[in-house]
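The structure appears right after this line, and notes come after that.
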2 protein chains.
Amino acid sequence: MPAVLTERQAEILRLVVREYIETADPVSSRSLVEKHGLTVSTATIRNEMARLEEDGYISHPHTSAGRVPSERGYRHYVELLMSEDPVLPEEQRTIEHQLHQVLGGLDEWLSLAATILAASVGNVAVVTRPQTVGARLKHMQLVELHGESVLLVAVMDDGRVRQRVLPQRTPARQEQFNQRAVRLNAVIAGRGAAAIRLAASELADGEEAAVVRAVAELVEEQRFTEETFLDGLRAVLEQPEFASADRMLHAVQQLEAYRVRRLLEQARAERVGITRVLIGREHGDEGMLEWSVVVSNYGDAAGSIGTVAVLGPTRMRYERTIPRVRYVATLMGHLIESVR
Amino acid sequence: MPAVLTERQAEILRLVVREYIETADPVSSRSLVEKHGLTVSTATIRNEMARLEEDGYISHPHTSAGRVPSERGYRHYVELLMSEDPVLPEEQRTIEHQLHQVLGGLDEWLSLAATILAASVGNVAVVTRPQTVGARLKHMQLVELHGESVLLVAVMDDGRVRQRVLPQRTPARQEQFNQRAVRLNAVIAGRGAAAIRLAASELADGEEAAVVRAVAELVEEQRFTEETFLDGLRAVLEQPEFASADRMLHAVQQLEAYRVRRLLEQARAERVGITRVLIGREHGDEGMLEWSVVVSNYGDAAGSIGTVAVLGPTRMRYERTIPRVRYVATLMGHLIESVR
DNA sequence: GTTAGCACTCTCGGCTTGAGAGTGCTAAGT
DNA sequence: ACTTAGCACTCTCAAGCCGAGAGTGCTAAC
């Protein structure tokens, strides 16, 4: 397999990939000549195609079908042949505007970002909440509930707001809860789960110790289903690769939260700022052989890292998807700074 | 159409419905006799079936197929022929145990309830958050964020905890925010959106007025997508009625949040405590002609009302679904009391 | 009122067939 | 040595056909 392609071969590969991404039909030598005004004949194209196939860039579904890019073909295309379709200032403004409309805090931003991204690339988009290794408590508050319970609300320095209903043996008024919150905040605000747990063990009052232990749990809690925002299922199912019922059902199964989580764990880009493209079996998930993943991490100075990704068939508009994933990831990076 | 069925006709109808629900195949006179040891011949069954068909209880996909229940047949079955499959104490314990494992507050309960219900009936389950007409603020809190913003956290008396990032011109320390929160709570805690808005207009300090206006918005905010918890998509798509790609895609489309919302609005049961069954076109949604909905409202003394529903093909195990929807609805009713 | 018997209808899977799409190869042209 | 016209060959796909099988409706007898 010669690693180098002639100029003409590269151009043919580029056109095959583009054409196939657009139409989803195997592309024939004739359609290539007709649609792109090539100055050579179909026979020449066929000869070149035969070479490309020998070298593993494209393949044949069956004898008398056109050519389809292989994983290697897509990879070559993504790395060398394609030019990115930039997110225009106009589109950037629209997206940022939509995000700023919503002032509800991190979760709403992440969810909306997934929706916007999905709509923009026509595939499934996933945005995970930044996983903070050493999250700290910013502030806690107790709110009196009817009956024998109290609502604990904890705000973390990674933007999470978590709550929990706690039983309360000795009834108290809101005012007393406020005082208790101020007292406890003085001890545990700004600290991580471990330090808070330690503080709990040193408290004389059993009820307060229970509250503080609960805070520690909330600080370190990472619940995946609630930490992942996914959208675009319907759009991806409309792609022709899922035109049969069993393929479609299979896709729906693969996109269940816990599977997507596993996939993203494997596919995680190494560093913030890099956008990775994993084509076909490159991501190593047996169930999603014909899927590609475009993934980018985002994070802040404090080292908490989240993921923005698009999942779709290998026949995906990489030109469009890659810059959009990258853009949304940087946007998310800015947003998490703002809720620190 | 004689409205009354003979005992034998009713029994045959009952068996046809049961058999069809179980197998999804049109049921023939022979299968009925064979499987249920009837003492009459297949010919007799056929005669009776012809009567049932005349009366509109069952129908014929084509000449040489067995019988399939019509909407009327299902209705008769649900109202008169079927006996409910109660939620056994064992199952109740399991469900309640799962719910009590999770202490995160209302949203997690609702979401988990949808998951449990979906798994238990093998169809799509939807649980909406109780829509409170006149929600009141229970407590608000301000948390200092890095930079020029502050996080407003509001706890409502219907169990919602909402947050919003607010810009903050004059930087301040957490202690000052606490004092401000105490001051503002004294004025607005326990009040509804209108009263809070009024209070905002009377405040001298512009920054405080902005905070209070934001609180008012949070108090009355009802955001549907975040207010609906849906699960069981995959299970329902495995039903044979969605065995072709276009039907499956159509189902996925119909189950998008905003459509489900419309459907539930139309299908809303009148009173808390009643479980309604809407079969086929009875729910009036053109796009979901072959779907049934089992729906039950739940609420608390204060009049906030939420919905628990199961959506699935008309060929649904009503015996099982109805009591489970009812049970989960009452459970939700208790839970919302507990976070008041 | 019930039932055996039978003709009739309809579906479904398998098979065949012909059209169409594309290729690979050969041989001739530049 | 590269390009290309021409053509045989392969494979898919839709349409049509066929026969088996399932079920019914009807008739006539019990």
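Chain letters run A, B, ... following the sequence lines, proteins first, then strands; residues in each count from 1.
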Which label fits Phe242(A) and Trp291(A): parallel for a plane angle under 30°, tilted from 30 to 60°, or perpendicular past 60°?
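Because their plane-to-plane angle lies in the 30° to 60° range, the rings of Phe242(A) and Trp291(A) count as tilted.
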For a quick check under 3.5 Å, do Asp246(B) and Ser244(B) share a side-chain donor-acceptor pair by atom type?
yes
Grab the [atom1]-[atom2] distance between [X] and [N] for me, whole Å please.
| X | N | atom1 | atom2 | answer |
| --- | --- | --- | --- | --- |
| His60(A) | dT10(D) | NE2 | P | 14 Å |
| Leu38(B) | dT3(C) | CG | P | 11 Å |
| Arg46(B) | dA4(C) | CZ | P | 10 Å |
| Glu53(B) | dG25(D) | CD | P | 7 Å |
| Ile12(B) | dT24(D) | CD1 | P | 12 Å |
| Asn47(B) | dG1(C) | CG | C1' | 9 Å |
| Glu48(A) | dT23(C) | CD | C1' | 15 Å |
| Ile45(B) | dA4(C) | CD1 | C1' | 15 Å |

N or O in side chain of [X] less than 4.0 angstrom from [N] OP1/OP2:
| X | N | value |
| --- | --- | --- |
| Arg30(B) | dG23(D) | yes |
| Arg8(A) | dT3(D) | yes |
| Ser41(B) | dT2(C) | no |
| Ser64(B) | dG23(D) | no |
| Ser29(A) | dT23(C) | yes |
| Arg67(A) | dG24(C) | yes |

Contact nearer the 5' end of DNA chain C, comparing Thr42(B) with His62(B)
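First, find each residue's nearest nucleotide; the 5'-ward one identifies Thr42(B).
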Side chains of Met82(B) and Tyr74(B): closer than 4.5 Å at any heavy-atom pair?
no
With a 4.5 Å cut-off on side-chain heavy atoms, are Ser111(B) and Asp231(B) touching?
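Side-chain contact under 4.5 Å: no.
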With a 4.0 Å cut-off, would you call Arg75(B) and Glu71(B) a salt bridge?
no
Mind checking if Ser28(A) touches a base, just sugar-phosphate, or nothing, with heavy atoms under 4.0 Å?
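It contacts sugar-phosphate atoms only.
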